[in-house]
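In this chain, residues are counted from 1 in sequence order.
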Amino acid sequence: MAEDAGLDLVEISPNSDPPVCKILDLGKLKYLNQKKAAEARKKQKIVEIKEIKMRPNIDTHDYEVKMKAMNRFFEDGDKVKVTLKFRGREMAHQELGMKLLLQVKEDTLEVAKVEAEPKLEGRQMMMVLAPK
C-alpha cells in the first residue's frame, strides 16, 4: 500500500503487540521532528553567572550602583557571584568584608536566595546568589 501511494512504511512503536506502522513521507517526518527540536532549543534559557566585584571600603553610591546592576541580572534570570577583594592591610579587617556581604544578602532578600554562603578563599571573599 505504501509503495502504491509513493510513501514510506514507518514503524511507530515496535514494542507493542502488534507493532504499529504508519504510511507517511519519512523525509517530512524527519523535517518536522527537526523543527520541533529547534523550537524547543530556542525557548531554553541558559542561566549565566554574572560577577560583581567590590572592595571592603566601598562608598555608598558605588554600592547602590552595584546593587542596581545585581537587580537587573536577577530580573534577567541570571545568577550573581559577589566577589570581595582584600588588598594589603584590609586582610586584617575581614569582619568588614563579611559585614558588607551580609548587607548585600539582606538587600537582595526579596528577589534572590543565597546559593553559596560567604566564604574566604585566599584574598577574596565570595558569595553566590540566585534569583527566586
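Put simply, CE on Met67 and CD1 on Ile52 are 9.0 Å apart, with the number rounded to the nearest 0.5 Å. How far CZ of Arg123 is from CD of Gln94: 9.5 Å, rounded to the nearest 0.5 Å. Between Leu109 atom CG and Glu106 atom CD the span is 7.5 Å, to the nearest 0.5 Å. Atom CZ of Arg72 and atom CG of Asp78 lie 10.5 Å apart (nearest 0.5 Å). Within the model, atoms CD1 of Ile46 and CD of Gln44 stand 7.0 Å from one another, a figure rounded to the nearest 0.5 Å.
Both Leu84 and Ile58 are part of a single hydrophobic cluster, where members link through side-chain heavy atoms under 4.5 Å apart. The same ILVMFWY cluster, assembled from side-chain heavy atoms under 4.5 Å apart, contains both Leu102 and Leu120. Cluster membership check: Val20 shares its hydrophobic cluster with Val10, using side-chain heavy-atom separations under 4.5 Å among Ile, Leu, Val, Met, Phe, Trp and Tyr. Residues Val114 and Met70 fall within the same hydrophobic cluster, defined by Ile, Leu, Val, Met, Phe, Trp and Tyr side chains chained together at heavy-atom separations under 4.5 Å. Tracing side-chain contacts under 4.5 Å through hydrophobic residues (I, L, V, M, F, W, Y), one never reaches Leu101 starting from Met126; they form parts of separate clusters.
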Show your reasoning for whether side chain to side chain contact (heavy atoms under 4.5 Å, CB included) applies to Val104 and Leu129. CA-CA 10 Å; Val104 169; Leu129 300 164; 4.1 Å; yes

CA sep, side-chain torsions, deciding dist, call: Val82, Lys53, side chain to side chain contact (heavy atoms under 4.5 Å, CB included): CA-CA 6 Å; Val82 182; Lys53 292 185 178 182; over 6 Å; no

Determine whether Glu117 and Lys105 satisfy the following criterion, salt bridge (charged side-chain N to carboxylate O under 4.0 Å, His left out), listing intermediate values before the conclusion. CA-CA 9 Å; Glu117 290 292 330; Lys105 180 178 173 180; 3.2 Å; yes

Go through the steps for Glu48 and Lys50 under the test salt bridge (charged side-chain N to carboxylate O under 4.0 Å, His left out), then give the verdict. CA-CA 6 Å; Glu48 293 182 35; Lys50 305 285 188 173; 3.6 Å; yes

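Shortest non-hydrogen contact noted between Lys132 and Ala112 is CE-O, 3.6 Å. When all heavy atoms of Gly122 and Met91 are compared, the pair lying nearest together is O-CE, 3.6 Å. Across all non-hydrogen atoms, the minimal contact from Glu90 to Pro56 is OE1-CD, 3.6 Å. The minimum heavy-atom distance between Lys79 and Ala130, with the atom names listed, is CG-CB, 4.1 Å. The minimum heavy-atom distance between Cys21 and Leu9, with the atom names listed, is CB-CD1, 3.9 Å. The two residues Ala116 and Met127 have their closest heavy-atom pair at O-CG, 3.3 Å.
Taking the side chain as every heavy atom from C-beta outward, Arg87 and Arg55 approach each other to under 4.5 Å. Two residues are said to be in side-chain contact when any heavy atoms from C-beta on lie closer than 4.5 Å; Asn57 and Leu100 fail this criterion. Side-chain contact between Val80 and Glu51: absent, with no pair of heavy atoms (C-beta onward) separated by less than 4.5 Å. When side chains are defined from C-beta on, Met125 counts as touching Met98, because their heavy atoms get closer than 4.5 Å. Side-chain atoms of Asp59 and Asp62, non-hydrogen and from C-beta on, do get closer than 4.5 Å to each other.
Side-chain N or O atoms of Asp25 include none that pairs as donor or acceptor with a backbone N or O of Leu7 at under 3.5 Å. Proximity of a side-chain donor or acceptor of Ser13 to a complementary backbone N or O of Asn15 within less than 3.5 Å is not detected. A donor-acceptor contact shorter than 3.5 Å is absent between the side chain of Gln124 and the backbone of Glu121. Panel note: side chain Lys68, backbone Tyr63; no donor-acceptor pair is recorded below 3.5 Å.
Summarising the local packing, CD of Glu3 is surrounded by 12 or fewer heavy atoms from other residues, nucleotides or ligands at distances under 6.0 Å. Annotation for Glu95: atom CD counts as buried by contact number, over 12 foreign heavy atoms lying within 6.0 Å.
Counted by atom type alone, Glu75 and Asn71 present zero donor-acceptor pairs between their side chains at under 3.5 Å.
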